[in-house]
Amino acid sequence: MRIHYRQALAAAVSVVALGAATPALSAGGVEWSYHGDIGPEHWGDLVDSHGDRAYPLCALGTAQSPIDIPAGAAVDARRMPLAFDYRPVPLAVKNNGHTIQVDYAPGSTMTVQGVTYDLLQFHFHAPSEHHVDGDVYPMEGHLVHGRQNGDTLELAVVGFLMTEGEANPVIQGIWEHMPAETGSVTVRGAKVSAADLLPDSREYYGYSGSLTTPPCSEDVKWHVLAEPIEVSERQIAAFEELFEMNARPPQPLNGRLVIESAARPQ
Ligand SMILES: [Zn+2]
């Protein structure tokens, strides 16, 4: 048991290290926030210690996320269902200064269009980053998946919108352990499964976009689930106590196609 656990841990650490070393995921260390002179409007202009722009894509990118998803997006005739194979993992909750993030141990995947991605982590935004036909939701979660292809970590994100309603037991389990200050905690004996965060419907809006945080790297495959999940007013308030506003505003669509997949059982 112990050996297995350590092997799993080593594998988890290597995935995290991979992410940290990959420009697609790492933000070169120049401080940014959601407010004031280092807020979203200025991310593209922030400079490093050499005077070089640290996150130029945030300003110059033409396929940025999030977006306001246009209603009436065409149903994609080809239909590209999402297939989730998420396993329960030990609960590890991190406050990285920008959000609450749950790092995911290896072994859980999402497959779309015949390509399988590993679930790396999930995290939250308030209010929602994606809008749907102009509508904003109180929160949004992002399930971040990666697939190593040579030197490139290809990213695919599944977004889920969160609306006010019944308390969500999975969220409750995470919130009870979220660090108020920057730092992380592995909760002894506690497990979490991202599968329990998914709505019943697999219908989603798909488009090609970017990371919604610096360095705003593009070529991120986005799948925003159409059916929101419910969280309670108290759960929303508890997150907002730590992160009053951690959502990048919608970015120009610039002619990108948004597809709407038809619902289909797994
Ligand atoms: Zn996010």
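Along the sequence shown, the residues carry numbers beginning at 1. In each ligand, atom 1 is the first atom listed, and ligand 1 is the first ligand listed. As the structure is a computational prediction, the values presented were derived from the model and not from experiment.
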With a 6.0 Å cut-off on ring centres, are His123 and Phe243 close enough?
no
From the list Tyr205, Tyr117, Tyr204, ring-ring contact (aromatic ring centres under 6.0 Å, His included) with His223 holds only for Tyr204
Just say parallel, tilted or perpendicular for the rings of His98 and Trp32, cut-offs at 30° and 60°.
parallel
Is the shortest heavy-atom distance from the side chain of Ile259 to the side chain of Leu257 under 4.5 Å?
yes
Does Asp118 come within less than 4.0 Å of Arg147, counting only side-chain N to carboxylate O?
no
So, at under 2.8 Å, which protein N, O or S atoms would a careful student list around the Zn ion (ligand 1)?
His123 NE2, His125 NE2, His142 ND1
Quick note, disulfide (SG to SG under 2.5 Å) partners involving residues 99-165, not counting sequence neighbours, are none
